[in-house]
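Step one of this worksheet: look at the structure below.
Lettering follows sequence order; numbering is per chain, from 1. What you see is a predicted model; the values in this text were computed from it and never measured. Basis for what follows: all heavy atoms, side chains included, without hydrogens, waters or symmetry-related copies.
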Protein chains: 2
Amino acid sequence: MRLDEKFYLSENNVPFKEFFNFGMSVDCILFGYKNGEVRVLLIERGADPFKHFWALPGDLVTADLTLEDAASNVLYRLTGLENIFMEQFHAFSEVQRHPVGRVITIGYYALVRSENHKPVASAWATESKWFNINKLPELAFDHKEILDLAIGTLKRKVRNEPIGFELLPPKFTLLELQKLYEALLGYKFDKPNFRKKLLSMNLLVPLDEVQSNVSHRPAKLFKFDPDRYKTLKEEGFHFDLQ
Amino acid sequence: MRLDEKFYLSENNVPFKEFFNFGMSVDCILFGYKNGEVRVLLIERGADPFKHFWALPGDLVTADLTLEDAASNVLYRLTGLENIFMEQFHAFSEVQRHPVGRVITIGYYALVRSENHKPVASAWATESKWFNINKLPELAFDHKEILDLAIGTLKRKVRNEPIGFELLPPKFTLLELQKLYEALLGYKFDKPNFRKKLLSMNLLVPLDEVQSNVSHRPAKLFKFDPDRYKTLKEEGFHFDLQ
DNA sequence: TTACTTATAGTATTTTTTACTTTAAGTTTT
DNA sequence: AAAACTTAAAGTAAAAAATACTATAAGTAA
């Protein structure tokens, strides 16, 4: 079946073919965490429109790719990493949102361990840089709106699913985990109670290893157990951080 | 700026214009509630592809509409109602998901008070009918996948936001509310405790009115107070039904 | 050895959840 | 009109969870 057969008509008898003129893009909000700050990786655009503006990394989607493929590609070109944690969160479709044509974009937020990679420059980005999510520059297109929604989504998700671990190194202390959550959610936890709560969830595996190069009693290291979470979830467990 | 100027190129030097060949559609999962059952409104397709199959109501998006407009239009043509509660939940982009061309669809779930409307037939639907969400027919396209995700989203959302009220008449008893949640979540609540919990949230306004035409002590009627919820939410309140 | 810092265990209080009981208020039947 | 029945709605006691705080342990640095 070919489009130009005009086989399939919409309700108002417009040829099917005429509906096929949308551009699709993906925009990625890559979050990282370092020195107690939650950060997002932005690029400086190397081409018009919005040349020299800071923007979300993203790209137009080609006909052979799913949105997930396209977003993975963007993240790979940006960081050199594959299998980054990534989740779709919203479609943005304001008619005038893109100055060059009718482009609908799908937002993905993604989480990385900041130290694991060096941001790479590319044809569409003259520079890439981490920004504290509370100190953001002016952004191209409707990217501020997209980023704001991504931050809101992250804050909600991080309370209801154990995805915060994606931002930490594989081995971490309980205090590091607490500080991460405090940075993400914007409020403090009581240390002994935070410990108790997290450990009672049985999601953390204690390792036979402690911090090194610290000038005080070194804390025990833990790792997150994704399989354990999967099992518990099937049994009805629901991750929830107050 | 016109597309054929080829002003804006992707990373691989493909003319910008060639990216603009996607079809966009919206598909709506309209949920209702009647006689203790959660239901979804499906249509029988009146045209190929998948003629005579049951399917989600949806339509291709035209260039002058946002996705929200398009979804509202679908719901209006289906029910005759405007301002139906509706929320975007996912974009579906498998390359082969539509047999006629590359169509990416955005899923919206919507909630109505079942008794408020009569489903209407239209050019793209020879019939529309409510189905119990546990007794669904075979569906066209990838609509089963879309519907499954919508049901999962509804079950999660209904616990964390007071949207269940959209499925009930404006005036309802606490037992009616309890039965709705039991149908949605698939487990039972203790009656006195359910009452206590809901009333302690201060989201329900007691009315000077009771049930009529019941063969037992009539229960007091309540209404949901959306403004109160808005205020409480800003103060940090978080709706949560275990 | 002492001072200092942070880890980690423990405890006591308050609040919330859970399970269950009792009483009230209406309708229907006899 | 009384009795039986059904559901509403309030109350209560036990268990569990969250909260606030204290004490001790284990390391580093002076």
Side-chain angles (χ1 to χ4, degrees), chain A residues 35-36 158-160 162 168-169 171-183 185-224 232 235-242, chain B residues 35-36 158-160 162 168-169 171-183 185-224 232 235-242:
Chain A
N35 303 330
V158 99
R159 288 174 49 152
N160 298 313
L168 289 178
K171 299 173 182 181
F172 51 85
T173 71
L174 289 171
L175 192 57
E176 283 166 357
L177 185 62
Q178 181 182 339
K179 293 299 174 193
L180 167 66
Y181 273 102
E182 290 178 346
L185 298 175
Y187 49 77
K188 301 285 182 188
F189 290 91
D190 176 82
K191 192 159 60 162
N193 294 334
F194 184 86
R195 288 178 65 82
K196 229 179 298 178
K197 180 152 193 173
L198 264 290
L199 290 176
S200 72
M201 287 181 183
N202 284 323
L203 292 174
L204 301 182
V205 181
L207 302 170
D208 287 335
E209 208 174 330
V210 293
Q211 283 179 309
S212 54
N213 299 322
V214 287
S215 68
H216 53 74
R217 175 179 173 184
K220 186 179 276 187
L221 292 171
F222 291 83
K223 67 171 184 180
F224 172 63
L232 287 172
E235 291 169 3
F237 168 77
H238 186 226
F239 184 87
D240 189 30
L241 237 85
Q242 79 149 331
Chain B
N35 302 331
V158 97
R159 287 174 50 153
N160 298 313
L168 289 178
K171 299 173 182 181
F172 51 85
T173 70
L174 289 173
L175 192 57
E176 282 166 358
L177 185 63
Q178 182 183 336
K179 294 297 173 193
L180 167 65
Y181 273 102
E182 290 179 347
L185 299 175
Y187 49 77
K188 301 285 183 187
F189 290 91
D190 175 82
K191 193 156 60 159
N193 294 333
F194 184 86
R195 289 178 64 81
K196 230 179 296 178
K197 181 153 194 174
L198 263 291
L199 291 177
S200 73
M201 288 181 182
N202 284 323
L203 292 173
L204 301 181
V205 181
L207 302 171
D208 287 335
E209 209 174 331
V210 292
Q211 282 180 309
S212 54
N213 300 322
V214 285
S215 69
H216 53 75
R217 176 178 172 184
K220 188 179 277 188
L221 292 171
F222 292 83
K223 66 172 185 180
F224 173 63
L232 287 172
E235 292 169 1
F237 168 79
H238 186 227
F239 183 87
D240 188 31
L241 236 85
Q242 79 150 327

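Within a 6.0 Å sphere centred on NZ of A:Lys223, other residues, nucleotides and ligands contribute 12 heavy atoms or fewer. Annotation: B:Lys220, atom NZ; neighbour count of heavy atoms from other residues, nucleotides and ligands within 6.0 Å does not exceed 12.
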Show which side-chain atoms of residues 173-182 of chain B pair as donor or acceptor with protein atoms under 3.5 Å away, not counting sequence neighbours.
residue: B:Thr173; atom: OG1; partner: B:Leu175; partner atom: N; Å: 3.4
residue: B:Thr173; atom: OG1; partner: B:Glu176; partner atom: N; Å: 3.1
residue: B:Glu176; atom: OE1; partner: B:Thr173; partner atom: N; Å: 3.0
residue: B:Gln178; atom: NE2; partner: B:Glu182; partner atom: OE2; Å: 3.0
residue: B:Gln178; atom: NE2; partner: B:Phe189; partner atom: O; Å: 2.9
residue: B:Glu182; atom: OE2; partner: B:Phe189; partner atom: N; Å: 2.8

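Remark: C1' of D:dT19 and OH of A:Tyr187 are 15 Å apart, rounded to the nearest angstrom. Per the geometry, NE2 belonging to A:His238 stands 15 Å off P belonging to C:dT17, to the nearest Å. Rounded to whole Å, the distance from CD on B:Gln211 to C1' on C:dA25 is 13 Å. Atom NZ of B:Lys188 and atom P of C:dC20 are 17 Å apart (whole Å). Rounded to whole Å, atom P of D:dA9 lies 20 Å from atom NZ of B:Lys197. Atom pair B:Leu204:CG and D:dA8:P shows a separation of 15 Å (rounding to whole Å applied). B:Phe194 places its CZ atom 19 Å from the C1' atom of D:dG11, with the value rounded to the nearest Å. Atom pair B:Phe189:CZ and C:dC20:C1' shows a separation of 18 Å (rounding to whole Å applied).
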Heavy-atom contacts, protein to nucleotides 20-30 of chain D, under 4.0 Å, summarised as B (base), S (sugar-phosphate only) or - (none) per nt, yield BBB--BBBSS-

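The two residues A:Gly36 and A:Ala183 come nearest to each other via the heavy atoms O-CB, 3.4 Å. Nearest approach of A:Leu221 to A:Val210, heavy atoms of both residues: CD1-O, 3.8 Å. The shortest heavy-atom contact between A:Leu203 and A:Phe239 is CD1-CD1, 3.7 Å.
When the side-chain contact (heavy atoms from CB on, under 4.5 Å) test is applied to A:Pro192, the partners found at least two apart in sequence or on another chain are A:Asp190.
Nucleic acid contact class of A:Lys191 (heavy atoms, under 4.0 Å, all strands): base. Note on B:Leu175: only backbone sugar-phosphate atoms sit closer than 4.0 angstrom, heavy atoms only; bases stay farther off.
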List every contact pair, protein side and nucleotides 1-3 of chain D side both N or O, where the distance is under 3.5 Å.
none

Tabulate atom names and distances for all N/O pairs under 3.5 angstrom spanning the protein and nucleotides 13-15 of chain C.
none

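Atom CD of residue A:Glu235 and atom CG of residue A:Leu232 lie 5.5 Å apart, to the nearest 0.5 angstrom. Distance CG/A:Leu204 to CZ/A:Phe224: 8.0 Å, rounded to 0.5 Å. The CG atom of B:Asn160 lies 9.0 Å from the CZ atom of A:Arg159; values are rounded to the nearest 0.5 Å.
Contact check, B:Arg195 against D:dA10: a side-chain N or O comes under 4.0 Å of OP1 or OP2.
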Check the pair A:Leu198 / A:Leu241 against side-chain contact (heavy atoms from CB on, under 4.5 Å), numbers first and verdict last.
CA-CA 9 Å; A:Leu198 264 290; A:Leu241 237 85; 4.0 Å; yes

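Summary of helix geometry: the two end axes of the helix from C:dT1-D:dA30 to C:dT30-D:dA1, each defined by five base pairs via their C1' atoms, are inclined to each other by 0° (rounded to 10°).
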